[in-house]
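Right, one structure below, let's go through it.
Residue numbers begin at 1 in each chain, while the letters A, B, ... track the order of the sequences.
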Amino acid sequence: MRKRLDGLAALVAAERPDVICLQETKVQDHLFPASEIADLGYSHQAVHGMKGYNGVAILSRHPLIAPEPRDWCGRDDCRHIFAGVDSNGPLQEIEVHCLYVPAGGDIADPLKNPKFAHKLDFIDAHTHWWTARGAAGPPRFLMGDLNIAPLQSDVWSHARLKNTVTHTEIEIQRLLNMQKAGRWVDVMRWFLADDEEAFTWWSYRAADWREANKGRRLDHIWASRQAAEQVDAVHIMRDARDWAPASDHVPVTVRLKG
DNA sequence: ATGGTAGGTACCCTA
């Protein structure tokens with residue numbers, strides 16, 4: 001995060017979002033650059049970070065209501081925080097979830113690779129949680145790095161990546177189960193044809209990411225039905241892949257009606 | 001079949 005303040009300022013200049021969700025902040029809460037971010041207009045912040053790895057944060061122009069960091073699978077690994085926020089629109093209070101799903105390592109076999117097992121367990125734990133929470137509560141959004149590209153059009157080559165972690169059948173099924181359990185709408189796909197390529201991540205390990213274009217849609221914005229109906233635009237900020245210093249992920253934005 | 005880059009930390013781990 002501390003390395004990305006210029007990128008955050010560029011995002012703010014381009015889109016002026018009311019709420020921003022960050023993943024992989026890699027900073028402990030007491031070292032989070034709160035005043036610099038407040039100076040950008042985001043004085044309301046809910047952070048859940050640790051040293052060196054993971055970390056999530058919600059930044060807002062409007063007060064955050066009852067922020068709640070959550071730990072999963074018995075680990076203190078700072079991958080989820082949520083809060084209420086006044087939308088200043090017809091939805092009134094909405095609940096915003098900022099989520100960072102484990103990447104899962106390289107081998108797509110939970111018996112051989114504990115990181116992949118953790119990824120599946122993490123998603124299943126969310127599935128159970130959303131099932132238990134039911135449909136009650138305010139309209140809600142879930143956004144973040146889910147580290148899974150579910151559709152064929154979410155990857156540069158389904159044939160080449162179907163055995164690669166992020167696009168294997170086992171992960172995709174688990175993610176779709178979670179989506180169903182939370183009655184979530186994949187808002188990005190609402191605004192795109194199912195077969196239209198859409199990527200939010202391009203590896204660092206390409207000499208020219210644009211030329212190779214070996215991207216994946218790992219970052220998602222989901223919404224409850226009522227919240228999804230208030231969305232009037234989705235934007236993948238593809239050009240941000242060239243910002244300096246570059247991130248391998250680009251921001252995705254949704255705009256609400258009104 | 002392999003190796004390619006980046007960030008944070010402490011000479012390796014995770015992505």
Side-chain angles (χ1 to χ4, degrees), chain A residues 1-11 21-34 36-37 47-57 71-81 98-110 112-123 143-150 154-157 159-168 170-172 174-175 199-220 236-252:
Chain A
M1 177 65 245
R2 289 168 290 181
K3 197 136 186 155
R4 304 270 174 233
L5 285 168
D6 289 346
L8 182 63
L11 166 63
C21 289
L22 303 175
Q23 299 83 39
E24 270 202 281
T25 53
K26 298 187 178 182
V27 59
Q28 295 166 96
D29 295 349
H30 72 279
L31 296 173
F32 192 80
E36 291 90 335
I37 290 172
V47 297
H48 186 37
M50 60 189 285
K51 189 173 183 174
Y53 303 103
N54 311 327
V56 286
D71 292 314
W72 293 87
C73 305
R75 303 187 189 203
D76 246 355
D77 58 1
C78 302
R79 295 178 177 278
H80 183 200
I81 190 167
C98 177
L99 188 63
Y100 178 44
V101 171
D106 290 328
I107 302 164
D109 181 344
K112 293 181 183 154
N113 173 10
K115 290 182 192 173
F116 194 68
H118 176 223
K119 182 178 197 174
L120 299 179
D121 289 347
F122 184 96
I123 295 166
M143 54 192 95
D145 178 2
L146 305 190
N147 266 316
I148 295 173
D154 292 333
V155 293
W156 64 276
S157 167
R160 293 283 292 277
L161 293 176
K162 63 177 197 261
N163 297 318
T164 297
V165 170
T166 65
H167 191 59
T168 63
I170 182 169
E171 298 162 85
I172 292 168
R174 302 294 182 102
L175 189 72
F199 307 147
T200 66
W201 175 91
W202 293 262
S203 171
Y204 286 123
R205 299 171 188 174
D208 182 335
W209 72 271
R210 198 185 292 273
E211 170 62 29
N213 197 29
K214 293 181 173 177
R216 306 177 201 171
R217 186 171 71 105
L218 303 182
D219 304 280
H220 297 256
I236 299 173
M237 298 180 69
R238 195 171 192 273
D239 292 342
R241 185 62 181 75
D242 283 325
W243 290 353
S247 167
D248 46 358
H249 296 261
V250 299
V252 182

* Bracket notation of DNA chain B in which parentheses pair within the strand, [ ] cross earlier pairs, and | pairs with another strand (Watson-Crick or G-U, under 3.5 Å) -> ....((((...))))
Which residues pass the side-chain hydrogen bond (donor to acceptor under 3.5 Å, both in side chains) test with [X], sequence neighbours left out?
X      : value
A:R241 : none
A:D106 : none
A:R216 : A:T166
A:T168 : A:E171

Nearest-angstrom distance from the residue atom [atom1] of [X] to [atom2] of [N]:
X      : N      : atom1 : atom2 : value
A:K214 : B:dT2  : NZ    : P     : 17 Å
A:N54  : B:dT14 : CG    : P     : 10 Å
A:D106 : B:dA1  : CG    : P     : 16 Å
A:W209 : B:dT5  : CH2   : P     : 18 Å
A:K119 : B:dT14 : NZ    : P     : 15 Å

* Check side chain to side chain contact (heavy atoms under 4.5 Å, CB included) between A:A240 and all other residues, then give those that pass, not counting sequence neighbours. =>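 By the side chain to side chain contact (heavy atoms under 4.5 Å, CB included) rule, A:A240 matches A:M237, A:W243, A:V250, A:P251.
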* Asked: Considering residues at least two apart in sequence or located in another chain, which fulfil the side chain to side chain contact (heavy atoms under 4.5 Å, CB included) criterion with A:N163?
  ->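 With sequence neighbours excluded, A:N163 shows a side chain to side chain contact (heavy atoms under 4.5 Å, CB included) to no residue whatsoever.
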Suppose you measure atom [atom1] in [N] against the same atom in [M]; what distance do you get, rounded to whole Å?
N      : M      : atom1 : answer
B:dA15 : B:dT9  : C1'   : 15 Å
B:dC11 : B:dG7  : C1'   : 15 Å
B:dT14 : B:dA10 : C1'   : 15 Å

Enumerate, atom names and distances included, each donor-acceptor pair closer than 3.5 Å involving a side-chain atom of residues 23-34 of chain A, sequence neighbours excluded.
unit_1, atom_1, unit_2, atom_2, d
A:T25, OG1, A:G55, O, 3.4
A:D29, OD1, A:G49, N, 2.8

* Asked: Between A:W209 and A:D242, is any side-chain donor less than 3.5 angstrom from a side-chain acceptor?
  -> yes
* To do: Using distance alone, with no hydrogens and no angle criterion, decide if A:D71 and A:H48 have a side-chain donor and acceptor under 3.5 Å apart.
  =>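 A:D71 vs A:H48: donor-acceptor pair found between side chains.
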Close N or O pairs between protein and nucleotides 6-13 of chain B (under 3.5 Å):
unit_1, atom_1, unit_2, atom_2, d
B:dG7, OP1, A:R4, NH2, 3.4

* So, is A:R216 close to the B:dA15 phosphate, meaning a side-chain N or O under 4.0 Å from OP1 or OP2? ->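 False: A:R216 side-chain N/O out of range (4.0 Å or more) of B:dA15 OP1/OP2.
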* Asked: Across the strands shown, which category fits A:R241 at heavy-atom distances under 4.0 angstrom: base, sugar-phosphate, nothing?
  ->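 If one applies the 4.0 Å heavy-atom cut-off, A:R241 turns out to touch nothing in the nucleic acid.
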